[in-house]
K.L.:
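Dumping the structure here so I can ask a few things about it.
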Amino acid sequence: MVSVLDAPSKTDSTESAAALLAWYDRHRRILPWRALPGETPDPYRVWLSEIMLQQTTVTAVKPYYERFLARFPTVEALAQAPQEAVMQAWAGLGYYSRARNLHACAKMVVAVHGGRFPAEEKALLSLPGIGAYTAGAIAAIAFGKVAVAVDGNVERVMSRLHAVTEPLPSAKPLIRELTLAMVPQRRPGDFAQALMDLGATICTPKKPACVLCPLALPCRARAAALAETFPRKETKTTGRLRRGAAFVALRADGRVLLRTRPPKGLLGGMAEVPVSDWRHDYAISEALRDAPLAGPWRRAPGTVRHVFTHFPLELAVFTATFGIDTAPPAGGRWVPRHDLAGEALPNVMRKVLEKALGG
DNA sequence: CACTCGTGGTA
DNA sequence: TTACCAAGAGT
């Protein structure tokens with residue numbers, strides 16, 4: 001193994017974990033989904049927050065979490081809700097397969113587990129939307145199991161603590177082992193959250209506050225003055241620009257033509273205005289052949305730009321007005337402008353509607 | 001295992 | 001502006 005200069009001793013791990021927990025007791029973040037000291041964590045809330053927090057910032061999650069919990073207070077309430085209501089509550093948060101899997105998971109917890117989340121990592125892993133990280137997080141935080149939850153924060157903290165030179169993602173198994181070796185028997189849930197808080201507030205990607213770090217002494221990256229250079233990563237490629245056309249059909253009675261995207265894939269199950277294919281060689285000059293209805297289409301000035309994880313997108317927006325007796329094309333529906341806020345519209349579609357209708 | 005899957009914030 | 005990043009999972 002190229003990665004570790006030398007192995008940590010059991011004593012080092014124990015002392016580091018104790019130092020981290022002592023720091024956590026003083027500096028832990030207060031978060032809506034986090035139980036206060038002495039409180040019993042609610043597995044439903046822990047699970048919901050962990051799903052929302054996947055690749056999503058705490059700031060972005062907070063308002064969604066509060067609204068979602070108010071609307072679906074229990075796993076039973078969520079399981080009984082219509083899919084459309086769940087997607088609507090998630091709209092704008094991104095990664096919509098999470099919402100579909102969340103709903104499926106709630107139904108499974110009710111149907112298979114009697115409405116109680118299983119406490120074992122293995123059983124949690126078998127539920128939709130719960131992978132290695134989330135299974136470990138729920139087992140440790142909600143049920144006090146000795147388990148690790150290795151997310152981006154933990155990868156950063158552990159790769160620095162041990163100066164892991166092997167790049168991610170190939171270093172994942174090693175980092176998982178290093179973390180597991182450090183988990184204390186006593187407070188595994190607090191330990192998991194402490195690692196994440198440390199990564200989020202002290203051991204940050206840029207300019208880590210090593211002076212304030214409870215693990216500064218044993219940290220090998222800091223000893224070499226190389227903390228900022230960890231974790232090492234394989235260079236990634238950015239996708240090519242794709243172009244396409246979006247068609248905002250407005251009916252004289254103030255309704256807008258919407259449709260629902262296929263259940264899987266990009267923006268799966270979300271609402272949209274009719275759009276063309278999105279390709280790097282899309283010819284906007286011939287966009288009208290992709291229009292959902294024949295009509296007096298006019299192109300709005302400029303374009304709508306949006307960046308997905310793996311490609312940037314540039315949409316030409318076309319608008320046209322139709323008579324009040326115009327029937328929707330197959331798969332389409334006329335939605336009153338006033339009701340657009342209640343639709344499961346991803347942000348790229350809100351941008352399109354903003355340009356076409358001016359808010 | 002490489003790719004797919006959103007969005008908003010920051011340097 | 002570009003690039004990177006944020007409590008990853010499914011395929």
Side-chain angles (χ1 to χ4, degrees), chain A residues 28-29 31-34 45-65 87 90-102 104-105 124-142 147-157 168-170 172-173 175-176 179 189 191-201 203-208 228 231 233-242 261-270 272 278 305-313 344-351:
Chain A
R28 54 183 286 161
R29 288 176 292 174
L31 299 169
W33 45 85
R34 183 176 279 181
R45 300 183 184 205
V46 173
W47 164 71
L48 175 61
S49 68
E50 290 299 342
I51 302 297
M52 285 190 165
L53 286 161
Q54 289 168 6
Q55 297 292 286
T56 309
T57 60
V58 166
T59 305
V61 164
K62 275 182 181 171
Y64 278 87
Y65 173 82
M87 300 310 289
W90 202 276
L93 196 56
Y95 284 135
Y96 299 101
S97 66
R98 291 185 298 176
R100 284 182 267 121
N101 285 330
L102 185 86
C105 182
L124 288 163
L125 261 176
S126 71
L127 294 168
I130 297 183
Y133 162 78
T134 306
I138 296 174
I141 298 170
V148 292
V150 183
D151 69 339
N153 287 311
V154 177
E155 286 175 349
R156 188 169 56 253
V157 170
L168 290 170
S170 46
K172 280 174 178 288
I175 292 178
R176 186 178 178 80
T179 310
F191 176 78
Q193 296 177 95
L195 272 182
M196 289 187 273
D197 276 19
L198 188 71
T201 63
C203 195
T204 51
K206 295 168 188 173
K207 297 190 177 181
E228 269 190 275
K233 293 187 179 182
E234 306 281 8
T235 59
K236 50 200 160 200
T237 63
T238 63
R240 263 208 292 180
L241 173 69
R242 299 186 201 179
R261 293 178 63 89
K264 294 191 175 181
L266 184 66
L267 305 175
M270 303 297 288
E272 67 173 2
W278 301 341
R305 293 171 174 279
H306 192 77
V307 181
F308 293 102
T309 306
H310 48 301
F311 68 91
L313 174 66
L345 287 164
N347 280 6
V348 61
M349 290 301 151
R350 297 192 181 276
K351 289 183 190 175

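What's counted below: heavy atoms across the whole structure, side chains too, no hydrogens, waters or symmetry copies. Proteins come first, then strands; the chains are lettered A, B, ... in the order of their sequence lines, and each starts at number 1.
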K.L.:
Grab the CZ-C1' distance between R305(A) and dG6(B) for me, whole Å please.
P.N.:
18 Å

K.L.:
Between P169(A) and L345(A), which is nearer to the 5' end of DNA chain B once each is assigned its nearest nucleotide?
P.N.:
P169(A)

K.L.:
Applying a 4.0 Å non-hydrogen cut-off, can you work out what V348(A) is touching in the nucleic acid: base, sugar-phosphate, or nothing?
P.N.:
sugar-phosphate

K.L.:
Kindly say if H306(A) contacts the phosphate of dT7(B), meaning a side-chain N or O under 4.0 Å from OP1 or OP2.
P.N.:
yes

K.L.:
Roughly how many Å is it from CZ in R100(A) to C1' in dT4(B), rounded to a whole number?
P.N.:
12 Å

K.L.:
Look at H310(A) and dC3(B) and indicate whether a side-chain polar atom (N or O) is within less than 4.0 Å of OP1 or OP2.
P.N.:
no

K.L.:
Between Q54(A) and R98(A), do the side chains contain an N or O donor and an N or O acceptor separated by less than 3.5 Å?
P.N.:
no

K.L.:
Return yes if some donor-acceptor pair links the side-chain N/O of R156(A) with the main-chain N/O of C203(A) below 3.5 Å, else return no.
P.N.:
yes

K.L.:
Using the P atom on both, measure dG6(B) against dT11(C) and round to a whole Å.
P.N.:
14 Å

K.L.:
How close or far is atom P of dC5(B) from atom CD of E272(A), stated in whole angstroms?
P.N.:
14 Å

K.L.:
How many whole angstroms separate atom CH2 of W278(A) from atom P of dG6(B)?
P.N.:
9 Å

K.L.:
In this structure, is the centre-to-centre distance between the rings of H306(A) and F308(A) below 6.0 Å?
P.N.:
yes

K.L.:
How many Å lie between CG on L168(A) and P on dC5(C), as a whole number?
P.N.:
10 Å

K.L.:
What is the distance, to the nearest angstrom, from the CZ atom on R240(A) to the C1' atom on dC3(B)?
P.N.:
16 Å

K.L.:
Is there a donor-acceptor pair under 3.5 Å between the side chain of D197(A) and the backbone N or O of R29(A)?
P.N.:
yes

K.L.:
At under 4.0 Å between heavy atoms, which parts of nucleotides 6-11 of chain C does protein reach? Answer with one letter per nucleotide, 5' to 3': B base, S sugar-phosphate only, - none.
P.N.:
BBBSS-

K.L.:
Quick check: does any side chain N or O of E228(A) sit under 3.5 Å from a backbone N or O of K206(A), one acting as donor and the other as acceptor?
P.N.:
no

K.L.:
How many Å lie between CG on L313(A) and P on dC5(B), as a whole number?
P.N.:
12 Å

K.L.:
Nearest heavy-atom pair of T56(A) and A60(A): which atoms, and what distance?
P.N.:
CG2-CB, 3.9 Å

K.L.:
Restricting to side chain to side chain contact (heavy atoms under 4.5 Å, CB included), what partner residues turn up for S49(A), sequence neighbours left out?
P.N.:
W33(A), L53(A), Y65(A)

K.L.:
Take the protein atom CG of N347(A) and the nucleotide atom P of dG6(B), then report the distance between them rounded to whole Å.
P.N.:
11 Å

K.L.:
Could you give the distance separating dC5(B) and dA6(C) at their P atoms, to the nearest angstrom?
P.N.:
22 Å

K.L.:
With rounding to whole Å, what would you report as the distance between dA7(C) and dA2(B) at their P atoms?
P.N.:
23 Å

